[in-house]
Amino acid sequence: MNPNPPSASPGAPRRVVRAGTGAPRPTVSAIAQLFLPCSAGTEPWLVEECQRLLPAGTVVEAGRGGVYVDGGPEHAMRLNIGSRLAQRVLWQVAAGPYRDEHDLYDLARSVRWDAWITPRETLRVDASAWRSPLQSLNFASLRIKDAVCDQLRELTGERPSVDTRFPDLALVLHVGPEQASLSVDLSGEALFKRGWREAKGEAPLKETLAASMLAAAGWQGREEDGGLLDPCCGAGTIAIEAAQIACGIAPGMLRRFAFEKLLPFREHLNMLRHLREEAQSLVHAPRVPIWTGDVSFRMTDFATRNAERAGVTHAIEFKTADALQRPAPADHGTLLMNPPYGERIAPKGQGQSHVYQAGANSRAEPAMIQGEAFEGAADASDFYRRLAAHWKAHYSGWTAWVLTPEAKLPSLLRLKESRRVPMWNGPIECRMFRFDMVAGSARQDASPEA
């Protein structure tokens, strides 16, 4: 099993895009190649999302670690405002074969950078690689920076400065075995930063991962989907993401984007205002209920305040309750949870490894497994056995989805999964397991390895 997640990067480009320094100043009015990096394994869902967000007939193609889109400024802006699964929106400005850093310098020199920024603005270059023969990505990034600065100095007599935190122009270099691509980052801060999170709580789940979990579960906030429950809400990310979906709230409505400061997009800012107004007009009341909460009052409060900033408190019912005791809020629905696995602090501040409090009067010492503790349970097997028993007793008719790095979770629950979906939580390799809860759910002796 690979200990490191596959990188989300453009990989080998589909076409060569070059603009010589003697060519007319380029604009963004023509169709270009966009690349939307995403978590490994979520590419098919991102393709479907792009097809929903963009005009019919737009060319959308899954690639390694992301999705390619043939589009212009309007496509790029729609994707930044509306994509829940993409990490960024990149605008490819140059691509081609390379052998060393000198070729990368020439590739960057082929772009008219005075069409993107002025010498009074700042830039940054980030680099990623897949099976590249280069010895140093830092040196490769430096050569790209040199090319931009040298060209602008020749054209204007001045050169821009570097800002590693908040640049006006952020460039993304990707080098493969033989091909390199250079793109402009149109998003700025990663798209999982929706603009509402301030109080994070411990080990917050990224919004893009929560959206991936909802996509894997097929939950879209429709009446036929039924309600959704997250009994281990943490900072509330799953419930908030679900509520925004249920209310038709675009994920990028509350934030700004890097392209708003770039020269080629300034003439399109009226279009951006129109797209924001269009997104606002699509907001509606939720058609299904969403329930959430945590065993910790503190975490439930974190989640509630985050929901207030996200504008969805009216769509979520919060309740501080133990996942092992919480009754089903309806006769059917979707249960979606990301139980803590060593990343959260104790609900009541009892220590880093204390994750669950299984009962208010429990005297049991917490049992450890892989850095976790399950209070009120003899060990992790006991905790999951009790969780499954609770589901079978009170959640008949529900579909339960659990994201976990524990490959043997079905064995621990003594339930047979109906589906498993590989998924990455940052550097942690996880799986989404689906369990269809029916009266007297069948026990199992063993679960096949993924």
Side-chain angles (χ1 to χ4, degrees), residues 10 13-15 17 19 23-38 43 45-63 66-95 111-113 115-117 168-172 181-195 207-208 211 244-245 248-284:
R14 294 183 302 164
R15 66 172 73 90
V17 181
R25 290 166 63 95
T27 67
V28 295
S29 58
I31 297 296
Q33 182 179 111
L34 307 177
F35 183 76
L36 283 68
C38 64
E43 295 91 346
W45 300 319
L46 181 53
V47 167
E48 294 176 0
E49 180 182 69
C50 291
Q51 291 171 336
R52 289 196 304 269
L53 293 172
L54 300 176
T58 302
V59 176
V60 180
E61 178 183 335
V67 170
Y68 293 97
V69 174
D70 288 345
E74 181 179 349
H75 297 75
M77 290 188 284
R78 285 187 180 276
L79 291 168
N80 271 292
I81 293 173
S83 178
R84 297 187 178 278
L85 299 173
Q87 296 168 350
R88 300 179 180 277
V89 178
L90 306 179
W91 183 285
Q92 185 171 292
V93 292
V111 181
R112 280 294 295 264
W113 294 110
W116 288 93
I117 60 170
D168 297 298
L169 176 68
L171 300 178
V172 177
S181 65
L182 184 60
S183 302
V184 173
D185 179 1
L186 301 182
S187 301
E189 288 195 300
L191 291 181
F192 77 83
K193 297 183 179 181
R194 310 295 202 213
E207 288 77 352
T208 44
Q244 289 201 334
I245 292 173
I249 298 175
M253 280 181 54
L254 300 178
R255 55 162 287 169
R256 303 293 297 270
F257 303 100
F259 67 77
E260 297 179 53
K261 298 187 296 182
L262 296 175
L263 293 178
F265 278 82
R266 291 180 183 176
E267 63 183 284
H268 300 286
L269 294 183
N270 285 334
M271 183 190 301
L272 175 62
R273 284 191 287 271
H274 170 73
L275 293 176
R276 290 190 186 277
E277 292 170 358
E278 178 185 281
Q280 183 63 50
S281 70
L282 297 176
V283 176
H284 56 79

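We number each residue from 1, following the sequence as shown.
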Between [Y] and [X], is there a side-chain heavy-atom distance shorter than 4.5 Å?
| X | Y | value |
| --- | --- | --- |
| L46 | S83 | yes |
| L36 | L85 | no |
| Q92 | F35 | no |
| V47 | Q51 | yes |
| W116 | D168 | no |
| V67 | V60 | yes |
| L34 | L79 | yes |
| W91 | P73 | yes |

If I take atom [atom1] from residue [X] and atom [atom2] from residue [Y], how far apart are they, to the nearest 0.5 angstrom?
| X | Y | atom1 | atom2 | result |
| --- | --- | --- | --- | --- |
| L272 | R266 | CG | CZ | 14.0 Å |
| Q33 | E61 | CD | CD | 8.5 Å |
| D185 | L169 | CG | CG | 9.0 Å |
| M77 | R276 | CE | CZ | 10.0 Å |
| L186 | K261 | CG | NZ | 13.0 Å |
| H284 | I249 | NE2 | CD1 | 9.0 Å |

Do you know the tightest heavy-atom contact between [X] and [Y]?
| X | Y | answer |
| --- | --- | --- |
| S183 | L90 | CB-CB, 3.8 Å |
| I81 | A279 | CG2-CB, 4.4 Å |
| L191 | N80 | CD2-OD1, 3.6 Å |

Should L182 and L171 be marked as a side chain to side chain contact (heavy atoms under 4.5 Å, CB included) after you check the CA-CA gap, both sets of side-chain angles, and the distance that decides it?
-> CA-CA 7 Å; L182 184 60; L171 300 178; 4.2 Å; yes

For the side chain of [X] and the backbone of [Y], is there at least one donor-acceptor N/O pair under 3.5 Å apart?
| X | Y | result |
| --- | --- | --- |
| E49 | R84 | yes |
| H268 | F265 | no |
| T58 | P55 | yes |
| S187 | V89 | yes |
| R88 | G188 | yes |
| R194 | L254 | no |
| E260 | F257 | yes |

Decide, yes or no, whether a salt bridge links E278 with R78 under the criterion of side-chain N to carboxylate O below 4.0 Å.
->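 Result for this pair is yes, salt bridge flagged.
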
Identify whether the distance between the nearest side-chain nitrogen and carboxylate oxygen of R255 and E207 falls below 4.0 Å.
->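 No.
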
Go through the steps for F259 and V184 under the test side chain to side chain contact (heavy atoms under 4.5 Å, CB included), then give the verdict.
-> CA-CA 9 Å; F259 67 77; V184 173; over 6 Å; no

